[in-house]
Amino acid sequence: VFFKEILKNTDNQILKGLILKVKNESMKKDIKFSDLRKNLLELMEYDEKVFFDVIKLVTRKKYK
């Protein structure tokens, strides 16, 4: 699974925004976890299943 696939299979615009926010923030070179945590928490509270797919990609640094 890649970000492209997750976004393609998501019709909800709010969820897409949360996913993209996490993706873009996590791609920053000097990002601290404490800065990313807020976005991850927001995504987790909105859709836990998508959160787990996204967290796997973030930890593996797979941003396609």
Side-chain angles (χ1 to χ4, degrees):
V1 179
F2 292 100
F3 275 102
K4 192 184 293 185
E5 294 169 33
I6 294 171
L7 291 166
K8 186 178 175 184
N9 295 328
T10 303
D11 293 329
N12 184 318
Q13 294 303 310
I14 294 170
L15 184 55
K16 275 187 181 184
L18 293 171
I19 294 165
L20 287 171
K21 193 185 298 184
V22 168
K23 177 186 176 190
N24 293 336
E25 288 294 309
S26 64
M27 289 174 70
K28 291 181 180 176
K29 192 173 185 176
D30 55 354
I31 189 80
K32 294 178 184 166
F33 179 75
S34 57
D35 297 334
L36 185 58
R37 184 180 180 279
K38 178 182 162 246
N39 297 324
L40 288 170
L41 189 58
E42 217 177 332
L43 177 59
M44 184 180 74
E45 289 172 351
Y46 196 87
D47 189 318
E48 200 168 283
K49 183 198 175 303
V50 171
F51 165 79
F52 284 113
D53 290 339
V54 167
I55 200 72
K56 288 176 196 172
L57 295 173
V58 169
T59 55
R60 293 179 181 138
K61 295 189 179 219
K62 294 191 175 187
Y63 297 113
K64 292 183 181 181

TODO: Report the C-alpha separation of L20 and F3 in whole Å, then their side-chain angles, then the decisive distance to 0.1 Å, and conclude whether the side-chain contact (heavy atoms from CB on, under 4.5 Å) test is met.
DONE: CA-CA 9 Å; L20 287 171; F3 275 102; over 6 Å; no
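In the hydrophobic cluster analysis, where Ile, Leu, Val, Met, Phe, Trp and Tyr join through side-chain heavy atoms closer than 4.5 angstrom, L15 is grouped apart from F2.
Other residues, nucleotides and ligands place no more than 12 heavy atoms under 6.0 Å from the CG atom of D11.
With rounding to the nearest 0.5 angstrom, the NZ atom of K38 is 14.0 Å from the CZ atom of F33. Taken from CG in L43 to CD1 in I19, the straight-line distance is 6.0 Å, to the nearest 0.5 Å. Rounded to the nearest 0.5 Å, atoms CE (M44) and CZ (R37) are 8.5 Å apart. Atoms CG and CG, on L40 and L18 in that order, are 10.5 Å from each other to the nearest 0.5 Å.
Remark: the backbone N or O of S26 is paired with a side-chain donor or acceptor of Y63 at under 3.5 angstrom.
Looking at heavy atoms from C-beta onward, V22 lies out of side-chain contact with F51 at the 4.5 angstrom threshold.
When the side chain to side chain donor-acceptor pair (under 3.5 Å) test is applied to K28, the partners found at least two apart in sequence or on another chain are E25. K16 meets the side-chain contact (heavy atoms from CB on, under 4.5 Å) test with L7, T10, Q13; sequence neighbours excluded. Taking the salt bridge (Lys or Arg N to Asp or Glu O under 4.0 Å) definition, one finds that D35 meets it with nothing, sequence neighbours left out.
Among residue pairs with one or both ends in residues 42-60, those qualifying as side-chain hydrogen bond (donor to acceptor under 3.5 Å, both in side chains) are N12-Y46, K49-D53; sequence neighbours excluded.
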